[in-house]
Amino acid sequence: MSSEDSHVVVPRSFRLLEELERGEKGIGDGTVSYGMDDADDSYMRSWTGTIIGPHNTVHDGRIYQLKLFCDKDYPDNPPTVRFQSQINMNCVNEETGMVEPSLFPMLANWKREYTMEDILTNLKKEMSSRENRRLCQPTGNDEQRVDQKGLMFRCNIL
């Protein structure tokens, strides 16, 4: 058996524990972070991410909250990603806040080795893209989005 044939698949729970540990330590320059919603969730499905908008864009100084949901088939399949904060980006459904996989290459071309950190980092890069860096954003300091169950989420955009 050659080394190319031997490839170890890390179990889902170990992978998510690694991601949790990395998220708790902090990522890079601190403009992207994530963590679990409920420490008692043994399946580690529901996560919250935060992106601080990149400099020299319309997103500069804004704080965006996201929900990431890792179903039982994660990391073989991507999580669902939804902005709780109002945002105008080409890859985000304006009404639901869902990041559309068909419009966000990382989700459309998902690979098992990608992580939630990679998703958040690439969304931040997408905010800086030529197509998104100057898009008019929702106004107001108290922005909210209602989820499918009718619950209201609030996020103060600073």
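Between E18 and R22 there is no salt bridge, since no side-chain N of the basic residue sits under 4.0 Å from a carboxylate O of the acidic one.
Expressed to the nearest 0.5 Å, how far OG of S85 lies from CD1 of I63 amounts to 9.0 Å. Atom-to-atom distance recorded for F104:CZ and E126:CD is 6.5 Å, nearest 0.5 angstrom. Atoms CE and OG, on M44 and S42 in that order, are 9.5 Å from each other to the nearest 0.5 Å. K67 contributes atom NZ, which lies 9.5 Å from atom CZ of R82 (distance to the nearest 0.5 angstrom). Considering CZ of R112 and OH of Y74, their distance stands at 9.5 Å, rounded to 0.5 Å. Taken to the nearest 0.5 Å, the CZ atom of R134 stands 14.5 Å off from the CG atom of N88.
Counting heavy atoms from C-beta outward, C70 and E19 have side chains that stay 4.5 Å or more apart. For the pair V32/E117, no side-chain contact is recorded, criterion being any heavy-atom separation below 4.5 Å from C-beta on. Side-chain contact between W110 and P79 is present, with heavy atoms from C-beta onward closer than 4.5 Å. Put simply, the side chain of I51 reaches to within 4.5 Å of the side chain of M127, judged on heavy atoms. Within the 4.5 Å cutoff, side-chain heavy atoms of M116 are placed close to those of L16. Side-chain atoms of M106 and K111, non-hydrogen and from C-beta on, never get closer than 4.5 Å to each other. Taking 4.5 Å as the limit, some side-chain heavy atom of I87 sits within range of a side-chain heavy atom of H59.
Tracing side-chain contacts under 4.5 Å through hydrophobic residues (I, L, V, M, F, W, Y), one never reaches L123 starting from L135; they form parts of separate clusters. No single ILVMFWY cluster, assembled from side-chain heavy atoms under 4.5 Å apart, contains both V58 and F83. A single hydrophobic cluster is seen to contain both L17 and M36, as judged by linkage of ILVMFWY side chains at heavy-atom distances under 4.5 Å, directly or through other members. In the hydrophobic clustering of this structure, L120 groups with L20; members are Ile, Leu, Val, Met, Phe, Trp, Tyr whose side-chain heavy atoms approach within less than 4.5 Å, directly or through other members.
Here R133 pairs with nothing under the side chain to side chain donor-acceptor pair (under 3.5 Å) rule; sequence neighbours left out.
Minimum heavy-atom separation, I52 to G30: CD1-O, 4.1 Å. Residues R62 and P138 approach most closely at NH1-O, 3.2 Å, considering heavy atoms. Nearest heavy atom pair, residue Y64 against residue Q86, reads CE2-O, 3.7 Å.
With hydrogens and angles left out, the side-chain atoms of S129 and E131 include a donor and acceptor closer than 3.5 Å. No hydrogens or angles considered: a donor-acceptor pair under 3.5 Å links the side chains of D118 and T115.
Looking at D73, its side chain never comes within 3.5 Å of a backbone N or O of N77 through a donor-acceptor pair. R12 places a side-chain N or O within donor-acceptor distance of the main-chain N or O of D71, the cut-off being under 3.5 Å.
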E100 vs C91, side chain to side chain contact (heavy atoms under 4.5 Å, CB included): CA-CA, chis, key distance, verdict
CA-CA 6 Å; E100 300 288 347; C91 61; 5.6 Å; no
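By the 30° and 60° cut-offs, the orientation of the rings of W47 relative to Y34 is tilted.
The 12-atom threshold is exceeded at CZ of F69, counting heavy atoms of other residues, nucleotides or ligands nearer than 6.0 Å.
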